[in-house]
Amino acid sequence: MILPKIALRNLSRQKRRSILLGGALAFGMFILVVVNGVTGGLVSSLQKNFSNMISGHIFFLQVQKDSDGKMIDMITDDAALMAAIKPSKLVYTDLTRRTSILGTVIFGADAASRSITGIDWNEDKKLASSLKMVAGSATAMAGSDGILISSTLAELIGLLPKKTMSYTERALMRRDLKVEWRAGGKKFDLEKTLDAKIKKTEADLKQKQLDTAPKVIGETLVVQLSTIHGQQNVAEFQVKGIFETQMDYSAYVDRDKLDAYVEMPKGSYNLFGLVLKDYSNLEAKTMILQNLLKSKYSLVPSAKVNGRSADTILGDLKKEDFKGTKTLITNLNNELGSFVSILTGVQAASFVLFLIVIGVVMVGLVNTYRIVIFERTKEIGTMRAVGTQRKQVRNLFVLEALFLALAGTIPGAVLGFIVLKIIGLFKFDAFTELAYFLDNGHVGYSISPVMLVASFIMVIIFTVLAALIPARQAARMQPAEALRTQL
Amino acid sequence: MKKILAYLIIALVAVSSASAQTASLDWNKILTRIDEMGDFEKGDFSAEVTVVSQKPGKDDSSIVVRYFRRDVEKKFTMVILKPEIQKGQGYFCAGDDLWFYDPESRKFAYSSLKESFQDSDAQNSDFSASSLAKDYTVGDTSAAKLGSIDVYVAMLTAKDNKVAVAKRKIWIRQDNYLVLKEEHYSVSDRLMRTIAYPKYQTVDGKFVPMSMLIVDNLKVGEKTQLTFANTSVTKLPDNVFNKDYLERVNK
């Protein structure tokens, strides 16, 4: 027990040196925690937002070719799939069977392309309650010709007035205010006044939109779309509700109504989604389903699926000459593709940076311990002379290094977590382009416990190793020679 | 009462005779004739096409393209000449396959004949040769007047569900069967587009519209005008009708 006490005392004797070395280790740990935490959070939010949007983590699609070789995207046989879900032991919170097509939503002179998703409202009950309605209602959609659209889409097609100012409008406001400011002898704070004015204007615009929204319920929207055979068709839907969302992806209608417009048989659909409770290790979980179903369907091989989006795979199938039905089992990570790859790359880069920082610190540690041992030669000689064993001398220096590692990495990690929490408090609403990566406008964080523990262990091992060589040299010193040394 | 009955009888006879007049026509031959009138099956056709789009609340947009067509191989190539920002972009179509070329990225993107041409009311399929006889059967027909011109009106229904436009109503001149007006209907019988062909020009014995006016009946106020100029039937090199041509013109 005395060795740890001596080690701690020795560290506190050279405070500046200990703080510098510990600080360097803390910095490395801080960088690792913050960068990995942020990128992990971005990936996690991206997966969560996309899975909410397209309702699923694992997807099942089927395509077949008609007599002219045209590919039709429609699930005609899901019996084996439904039977396989229970033996797969995949824990899921929801299961969705939807028809999703691309259409142009038209209101008067304005139009916007959008995904139109047909929902079986009697089966897919979570969607109605998950939508944040600002007007109308998501109930009573089953069997109706109603459509639920986002407020973003409503603004685009001129159904609702905009709730934010455009860049041009802000620039014009700034220009006019500047004129006023100059004319008034620059007596007020231009930037603060402008910010306040913009805030008030946007608050008024938002209120105007909220007041207008209930009045547009019942308006007729025209949707231009194509049947599954490629014929042009036009559908009419009545606006039943408008919802607020950070990510405007789709408008929602009754699946049977949509199937009729695209000439799909009643009850059919083209996208099956499984919403998992835990969406880590998606590849392994997708593989489970693939293995269970490979004898039941003609599956697209997983080598052709991994890392590729469904659109790319369907594009390849279009060029292939096949008969019958091809089935594709894919997952969210394949859809997110390059996003996840880039963020995973950033995480890997931050780990490499961490290793570089640790490497540099290790070189510094080796040199520092050499100097420390040189400075404490007489002390080592005295300790050996009074009976301290070589092993104890070595362990003393190793313990000092160990405490230094702990004193550096733990505060570094804690500071990293604090910074992540602070970053998470800010809302990045203005950056609508980042909506996919944010959790309700905030930057989330997620760190793999395995990576964290592995990093701690790595620092400790490297620090101990850095001290070990000089420590062994110190242990081998002859007491008499050590005591004779003049410094 | 007698007068009303008399007028009714006269109207009935007029309609019957108009229907009888059109019912006696061989509509399959007429559709074939319409296709042949615009089909340059013996050679190539090229023209400079100006596409002007009008959308409410926006400035008119204008695109000029050089258009090459070889009907015997069912191919066409288009290269955008103006505006400057889009110069060099192009389309190549072979049969039902269409590619768009972007010289900036030097990549081809697979497109569709059913898609709109450069965000206008024209569709890519408007640039390929007519195939009414192959794709449609004729339903109700009648004789009528379009302005001062005697026309036949026919309702065409697609023979199968792979033809992009499910129904078309055409107004054709009674004397030479030139199409003067078309209406395109969706599967749900909704009017989608109206196309007028006010004037034709004769090129090597074939008829090419000098202009086409397309009205989008779904988006209020949107219309597009196509004007064909500098037409030619000079034989074109074979290498104009492949994807490489679009890359070569941009080198």
Side-chain angles (χ1 to χ4, degrees), chain A residues 65-72 74 101-113 116 145 155-159 162 166 168 219-237 253 257-265 311-312 314-320, chain B residues 53-58 95-99 107-116 119-126 134-136 156-168 182-195 214-224:
Chain A
K65 285 207 173 170
D66 65 13
S67 52
D68 289 345
K70 187 180 179 327
M71 206 161 74
I72 294 172
M74 184 166 65
I101 56 105
L102 196 61
T104 305
V105 182
I106 302 166
F107 180 68
D110 295 302
S113 288
I116 310 292
D145 59 356
E155 283 180 26
L156 273 172
I157 59 174
L159 193 63
K162 290 191 197 299
S166 65
T168 313
E219 286 283 4
T220 301
L221 299 184
V222 168
V223 177
Q224 200 170 7
L225 41 80
S226 293
T227 67
I228 53 170
H229 306 292
Q231 274 193 314
Q232 292 169 21
N233 205 359
V234 175
E236 266 188 17
F237 294 101
V253 297
K257 292 282 179 191
L258 185 62
D259 284 353
Y261 280 118
V262 299
E263 294 191 335
M264 276 170 64
D311 277 346
T312 307
L314 293 178
D316 287 348
L317 288 172
K318 248 187 209 168
K319 296 173 201 162
E320 251 181 61
Chain B
S53 289
Q54 289 179 317
K55 292 179 200 272
K58 292 183 184 169
D96 292 331
D97 297 314
L98 178 81
W99 292 268
K107 283 192 175 153
F108 284 94
Y110 189 77
S111 185
S112 163
L113 282 167
K114 289 161 210 152
E115 290 199 11
S116 75
D119 197 32
S120 69
D121 301 303
Q123 291 179 355
N124 293 327
S125 55
D126 293 335
K134 175 178 154 264
D135 294 334
Y136 292 92
L156 310 182
T157 305
K159 284 181 180 172
D160 59 49
N161 58 16
K162 288 161 191 111
V163 177
V165 179
K167 287 167 197 159
R168 291 186 195 226
E182 272 188 68
E183 285 179 349
H184 292 184
Y185 290 84
S186 69
V187 172
S188 55
D189 282 331
R190 180 77 183 242
L191 177 61
M192 298 188 294
R193 290 199 307 167
T194 304
I195 308 175
I214 304 171
V215 174
D216 190 323
N217 293 101
L218 296 177
K219 295 171 207 159
V220 173
E222 272 195 29
K223 36 174 113 68
T224 299

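Numbered from 1 within each chain, the chains take letters A, B, ... in sequence-line order.
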- Task: Could you tell me whether Lys223(B) atom NZ has more than 12 heavy atoms of other residues or ligands within 6.0 Å of it?
- Result: no
- Note on the structure: Ranking Gly221(B), Ala166(B), Gly57(B) by heavy-atom pairs under 4.5 Å to chain A gives rank one to Ala166(B)
- Please walk me through it: do Thr227(A) and Asn161(B) pass side chain to side chain contact (heavy atoms under 4.5 Å, CB included)? CA-CA 9 Å; Thr227(A) 67; Asn161(B) 58 16; 5.7 Å; no
- Does a sphere of radius 6.0 Å around CG in Asp96(B) hold more than 12 heavy atoms from other residues, nucleotides or ligands, not counting ones at 6.0 Å or beyond? no
- Message: I'd like to know if the side chain of Ser188(B) and the backbone of Ala235(A) have a donor-acceptor N/O pair within less than 3.5 Å.
- Response: no
- Could you give me the CA-CA distance, side-chain angles and deciding distance for Gln232(A) and Gln123(B), then say whether side chain to side chain contact (heavy atoms under 4.5 Å, CB included) is met? CA-CA 12 Å; Gln232(A) 292 169 21; Gln123(B) 291 179 355; 3.2 Å; yes
- Given His229(A), Glu236(A), Gln224(A), the one with more heavy-atom pairs under 4.5 angstrom with chain B than any other is His229(A)
- Item | Shortest non-hydrogen contact between Ala109(A) and Glu222(B), atoms and distance | O-OE2, 4.1 Å
- Report yes or no: does Gln231(A) contribute a side-chain atom to a donor-acceptor pair with the main-chain N or O of Val163(B) at less than 3.5 Å? yes
- Work out which heavy atom in Leu218(B) is nearest to a heavy atom in Val234(A); give both atom names and the distance. CD1-CG2, 3.7 Å
- Message: Does Lys318(A) have more than 12 heavy atoms from other residues, nucleotides or ligands lying within 6.0 Å of its NZ?
- Response: no
- Query: Is chain A contacted by the side chain of Asp216(B), its backbone, both, or neither, given a heavy-atom distance below 4.5 Å?
  - Reply: neither
